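Numbered from 1 within each chain, the chains take letters A, B, ... in sequence-line order. Everything numeric in this text was worked out from a predicted model, so none of it was measured.
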Amino acid sequence: MDFAELVRGFPELTTTGLVQGAIYALIALGYTLVYGVLRLINFAHSEVFMIGTFGAIWTWAVFGLDSNSGAPSVPKALLLIALAIVAAALLSGSVALLIEVTAYRPLRRRNAPPLAFLITAIGASYALMELMGTLTQRRQVGAPALLPTKTVISIGGWSITPVQLLTLVVAVLMMVGLDWFVNKTRFGKGIRAVAQDANTAALMGVNKSRVIALVFVLGGLMAGVAAVFSDMKSGNTRYNIGFLLGLKAFSAAVLGGIGNLRGAAIGGLLLGLVENYGSALFGSQWRDLIAFVVLIVLLMFRPTGLLGESLGRARA
Amino acid sequence: MTALRERWHSASSAVGRRVDGLPKSARITGLLAFIAFLYVLPNKWFYEYLNIPGVWIPLYTTRNDMAAVLFYCAWIALLSLGLNVVVGYAGLLDLGFFGFFAVGAYTVALLTSPESKLITEYNWFESPWPWLVTVPIAISLALLSGVLLGAPTLRLRGDYLAIVTLGFAEMIRIIAKNQDWILNGDRGIPQVGHPPGKYPDGSAIFQFEFKPYYWLLLTVIIGAVFLIRNLANSRVGRAWIAIREDEDAAELMGVPTFRFKLWAFAIGAAVGGLSGSLWAGQANFVNSSTFSLENSILVLAAVLLGGAGSIGGALLGGFLVIYIPEWLRSVGDVFGLPEVATVFGNDIDVSPTSLRYFIFGILLIIVMIFRPQGLWPNRRRAAELKDRQKEVAVVE
């Protein structure tokens, strides 16, 4: 128990925790969207994220940047990041759509039991992870350092680097955008209707298949954005990176109340913070343990997460 | 595709009907012959002649010792037999099954290894215990941990239970990995005891060779199948199925659902602990890396691939999830498949050895599309699912 460390590092721990939490939250949104509509733990979502991390690095490689190249000028770097976000989001979104169309849709057609979906998700996860492992020779791939590491804003003991600032701003924008999309648009109304009662929604003229495909794509887009920031934060990626991050993100989704978009966002940020504070307090080797302890303790007292399950109900 | 599916269905059920139609004596003889076949299987003079007729593709694994592969197959089969009670019968989604396996393996390791800190540092006892004595302790501790985990968590339903069990298994793994008091962290515990038994010439049967362990596991599995089959056909088994089908209805009809769920959990955990103690005896070394979540998921895949709720299915699934990837390793040699491909100037290892889990993942997806109820489903469950398929979903 190192309280001195916690107090001394508090501002920095808060920033890094929020940044990590924002990445968890973006991935968690994908889990929660699919769960809210299909009641399915989409195990393959972690691999959708993993492919996004490679998508970003490949995009940068096209422009001749790898882990050894120097930092480009700031406007150029921002442009490159924007390009990588678009590329990774598109790649992740299409992989998510591919999984839905080739693996889940045939099962839904046949009204297969829920466990069949689960094992299909496991199968898809194996296939994607091993395919990428083979393609990348199971090596760690480095990302270029695009933004300078010096502090941009510093108030008192609290400071933030450009990567952290960008991660938080973009993540918040994505979350607000998704929330608006689901709550205010026609498509969002369709999603909420299918989440509430798929068959009734279909009878009312909602195209169920299209809504489900849309949900997978949205989740994939969020994972793609998270992937770019994960690359920039850790500076590298690997074919098996999705596993632990996906697990944490899923925990975050459950923490907030799975099926609930705002819950996933809050759960993600909270998990990032708690993990950081906890690892300062008990030592960093316990970081992963803290996440699960918090989750289990919370589920004892609030069995449906912080905000409860509610994609289908009015307050999504 | 639909026609193909129909044909596959009618063919597989025709085999089932034909087997059912045989007299009981014939069925028992067939079963005994099959068990005898399993016992002879790890012998080289026997399996060398196993080929797909006509094309001469070996059915045994050429890259790995067949006895070792069979041992791992039997190991996962025993685990999926235990998980089948939890997932297949009681319908509780348990993603942390390897936690109980870890409890069993560590118990045996701590009590039988001369390097165990219980002896070297804490002086709880003088010399390591014999392996056989520690197995019941391992099983009871695993059972106890199942009850301890189940008591507070089994009130959670469905996917929340899944995440809590997953968290529990990860917690056990991280604690085992990080702390140094007794479990030795990543360095693990070496020199775990072996099961007793000597050949007539005085040398020990159970050393590092896989074959005797495979036979031991096979025997244990046969025993466990009898126990679980009787349990499943008793009041307990009927209560489990009632809970799986509709928990609220079962509770209203007077089934004490919580108690029976706890039973399912505890029995599954005990089988997991048993498997852990057998595995520790063979591996001779226990550390946290075996208890990864990937393995829990592999066992779950085994249960569902075989067909949840059916003992034969669980065993078949457990066999296949190890055997298919291992067998794929040898396929490349037979067909002379390329080992390396060059893409964008990079040499990529495309040998079946490298791609085997990719192929396995694709196979899982394909099997689920054609047989969502699993390869060898429980008959009652298969009928329920068939019924379900008729309730066509509204407008796709």
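Ranked by heavy-atom pairs under 4.5 Å with chain A, the first of B/I366, B/L364, B/L305 is B/L364. Each of A/D288, A/L118, A/L247 has some count of heavy-atom pairs under 4.5 Å with chain B, and the biggest count is that of A/L247. The choice from A/L115, A/L128, A/T136, A/V293 that makes the most heavy-atom pairs within less than 4.5 Å of chain B is A/L115.
From B/L293, atom CG reaches atom CG of A/L244 across 9.5 Å, with rounding to the nearest 0.5 Å. Atom CZ of A/F117 is separated from atom CE of B/M368 by 11.5 Å, given to the nearest 0.5 angstrom. Atom CZ of residue B/R356 and atom CD of residue A/E130 lie 7.5 Å apart, to the nearest 0.5 angstrom. Here the CD-CZ distance, from B/E170 to A/F292, works out to 5.0 Å after rounding to the nearest 0.5 Å.
The shortest side-chain heavy-atom distance between A/I119 and B/V303 does not fall under the 4.5 Å cut-off. Considering only heavy atoms from C-beta on, A/L289 stays 4.5 Å or farther from B/N178 through its side chain. Looking at heavy atoms from C-beta onward, A/I122 lies in side-chain contact with B/L300 at the 4.5 angstrom threshold. A/P113 has its side chain out of reach of B/Q373: every pair of non-hydrogen atoms, C-beta onward, lies at least 4.5 Å apart. Taking the side chain as every heavy atom from C-beta outward, A/L295 and B/Y160 never approach each other to under 4.5 Å. Using a 4.5 Å cut-off on side-chain heavy atoms (C-beta onward), B/I174 and A/R287 make no contact. Between B/I175 and A/W286 there is a side-chain heavy-atom pair separated by less than 4.5 Å. Here the side chains of A/L299 and B/I163 are in contact, with some heavy-atom distance below 4.5 Å.
Both the backbone and the side chain of A/S251 come within contact range of chain B, with heavy atoms under 4.5 Å apart. Residue contact with chain A, scored on non-hydrogen atoms closer than 4.5 Å, involves the backbone and the side chain of B/L298 alike. Contacts of B/Y357 with chain A are made by both backbone and side-chain atoms, with heavy-atom separations under 4.5 Å. Heavy-atom distances place the side chain of A/F43, and not its backbone, under 4.5 Å from chain B. If you measure heavy-atom distances from A/Q137 to chain B, the contacts under 4.5 Å come from the side chain alone. Proximity to chain A (any heavy atom under 4.5 Å) is shown, for B/L363, by neither the backbone nor the side chain. In this structure, chain A has a heavy atom under 4.5 Å from the side chain of B/L95, while its backbone stays farther away.
No more than 12 heavy-atom neighbours from other residues, nucleotides or ligands sit within 6.0 angstrom of CZ on A/R210.
Considering all non-hydrogen atoms of both residues, A/A103 and B/I365 come closest at CB-CG2, 3.9 Å. Closest heavy-atom contact between B/I362 and A/A127: CD1-CB, 4.0 Å. Between B/G167 and A/I296 the shortest heavy-atom distance is C-CD1, 4.1 Å. Of all non-hydrogen atoms in B/P372 and A/A112, the two that sit nearest each other are CB-CB, 3.7 Å.
A ring-centre distance under 6.0 Å is not found for B/F358 and A/Y126.
Counting only distance, with no hydrogens or angles, the side chain of A/R110 and the backbone of B/I369 share a donor-acceptor pair below 3.5 Å.
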